[in-house]
2 protein chains.
Amino acid sequence: MKQANTKRLILSAALDLFSQHGYKGASIRQIARAVGIRESAIYNHYKSKEELFLAILTEFKSRTISDKILSDDLLDDLSNPEKFLKNFAERLINYWDTPPERKFIRLLLMEQFTRIGNKELSTTDYLSELRKMCRLIFGEMVKTKIVKQYNPEILAEQFIAPLFLIRTEHLVAGENKNMNAVFKIVNMHVDFFWSAIKT
Amino acid sequence: MKQANTKRLILSAALDLFSQHGYKGASIRQIARAVGIRESAIYNHYKSKEELFLAILTEFKSRTISDKILSDDLLDDLSNPEKFLKNFAERLINYWDTPPERKFIRLLLMEQFTRIGNKELSTTDYLSELRKMCRLIFGEMVKTKIVKQYNPEILAEQFIAPLFLIRTEHLVAGENKNMNAVFKIVNMHVDFFWSAIKT
DNA sequence: GTCTATAAGGAGATAGAC
DNA sequence: GTCTATCTCCTTATAGAC
């Protein structure tokens with residue numbers, strides 16, 4: 001009981017500190033202090049700092065995004081594609097704005113080039129599930145001719161890229177999250193996108 | 001003479017190592033070794049590791065992008081907007097692919113959230129000059145009615161975001177730079193973009 | 001300007017008592 | 001499972017000879 005809980009607390013504190021200071025910048029000592037135990041106690045749960053880091057990645061990789069932003073009620077809206085796209089973008093932005101996701105994206109951006117994250121982290125990986133979802137959705141729209149005959153792959157890129165850039169630009173740690181500004185840009189993006197592809 | 005040269009060598013080695021391992025991950029010792037001197041000799045040129053890091057940022061901030069990708073012969077093409085956009089995108093991608101720029105973008109992505117880069121680095125800053133250029137260009141295109149009456153700000157975003165995402169996704173250090181794949185995607189992007197905005 | 005020598009502290013990790 | 005104590009190594013940085 002107590003073990004399992006401490007293990008979670010360590011993982012959570014580690015995600016927090018790694019995402020703030022980077023892998024090298026956050027020490028076992030800091031993590032232990034955040035949890036309220038001594039450094040040596042951490043080694044009872046993870047055999048090294050590296051293993052702790054990789055445990056974080058494993059947890060995030062096991063997660064799936066589709067069920068969180070593609071519920072049934074949203075898909076019912078496919079008859080009204082413009083409204084669907086707005087809701088879809090809004091849900092995506094909200095999902096990316098949850099604290100764990102914010103932290104993970106920071107970690108991804110920071111460690112994707114370093115020795116430790118090099119093999120395990122990439123933006124392409126991070127976006128792959130979303131890209132797949134979008135290809136399916138836009139593929140359907142193309143087939144039913146409610147949008148112009150574009151390659152669904154392109155449509156997916158054009159839809160996602162501006163959203164992801166907006167997200168990463170508003171990711172600074174201590175920021176006053178003025179999500180209103182974000183949603184305003186997102187709306188303008190979707191408006192443009194829809195007007196560009198609709199038949 | 002010798003001093004000035006060593007100082008440059010240190011700066012260059014530091015950029016190299018910081019962009020590979022991050023600020024915390026690269027040590028003064030490594031940098032000194034790369035230059036071929038002892039650690040203590042570095043302090044003759046920069047009074048601390050932090051000052052060395054900030055010197056790199058200062059150098060990159062003093063640089064300007066427009067003259068490198070907006071030459072006169074390119075602007076002559078404005079009468080053929082599609083060709084212009086293709087050339088413009090290609091030059092931008094080539095500029096972002098120069099070794100110093102690749103290193104700086106990696107540094108930016110890695111350190112923008114940490115204590116040391118927090119104040120000095122942001123994607124928004126990095127893109128601001130380019131955004132300004134694009135707003136001017138698209139503003140002109142809107143005014144002369146060769147493209148639809150969109151807000152130039154939106155057009156700039158839609159043009160830049162997919163390009164920047166492509167760039168960051170192909171930024172891994174040791175990668176075989178298969179720029180052909182990159183240019184293929186870039187071309188598809190510009191094609192879509194132009195077909196979306198042309199009158 | 002660069003070197004050797006060294007200080008002072010923080011890092012990751014282990015041993016063994018409780 | 002957590003603690004204290006400790007090891008070993010690496011870090012940034014300084015002092016002073018050449």
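To find a chain, count down the sequence lines: A is the first, B the second, and so on, and within it residues start at 1.
If you measure from atom NE2 of His21(A) to atom C1' of dG10(C), you get 15 Å, rounded to the nearest angstrom. Atom-to-atom, CG of Leu52(A) to C1' of dA11(C) comes out at 15 Å; the value is rounded to the nearest Å. When the C1' atom of dA13(D) is taken as reference, atom CD of Glu51(B) falls 13 Å away, rounded to whole Å. Rounding to whole angstrom units, CD of residue Glu39(B) and P of dA7(C) are separated by 16 Å. Rounded to a whole Å, the OH atom of Tyr46(B) is 17 Å from the P atom of dT14(D). Straight-line distance from the NZ atom of Lys49(B) to the P atom of dA13(D): 8 Å, rounded to whole Å.
Projected onto DNA chain D by closest heavy-atom contact, Gly25(B) and Ile10(A) fall at different nucleotides, the more 5' of which corresponds to Ile10(A).
The aromatic rings of Tyr126(B) and Phe104(B) are tilted relative to each other, their planes meeting at an angle between 30° and 60°. Taking the six-membered ring for Trp and thresholds of 30 and 60 degrees, Phe193(B) and His189(B) have ring planes inclined between 30 and 60 degrees apart. Classified by interplanar angle (parallel below 30°, tilted 30° to 60°, perpendicular above 60°), the ring pair Phe159(B)/Phe138(B) is perpendicular.
Closest heavy-atom contact between Phe113(B) and Arg106(A): CG-CD, 3.4 Å.
In this structure, the nucleotide among dC3(C), dA13(C), dT12(D) sitting nearest to the side chain of Ala41(B) is dC3(C). You'll find that the side chain of Asn44(A) is closest to dT2(D), out of dA13(D), dT4(D), dT2(D). Relative to the side chain of Arg29(B), the nucleotides dG12(C), dT11(D), dA15(C) differ in distance, and dT11(D) lies closest. Comparing dT12(D), dT4(D), dC3(C) against the side chain of Arg38(A) picks out dT4(D) as the nearest. For Ile37(B), whose side chain is taken as the heavy atoms from C-beta onward, the closest listed nucleotide among dT2(C), dG12(C), dA13(C) is dT2(C).
Counting distance only, with no hydrogens placed and no angle test, the side-chain atoms of Thr6(A) and the base atoms of dT2(D) include no donor-acceptor pair under 3.5 Å.
Residue Ser40(B) is in base contact, counting any heavy-atom pair closer than 4.0 Å across all strands shown.
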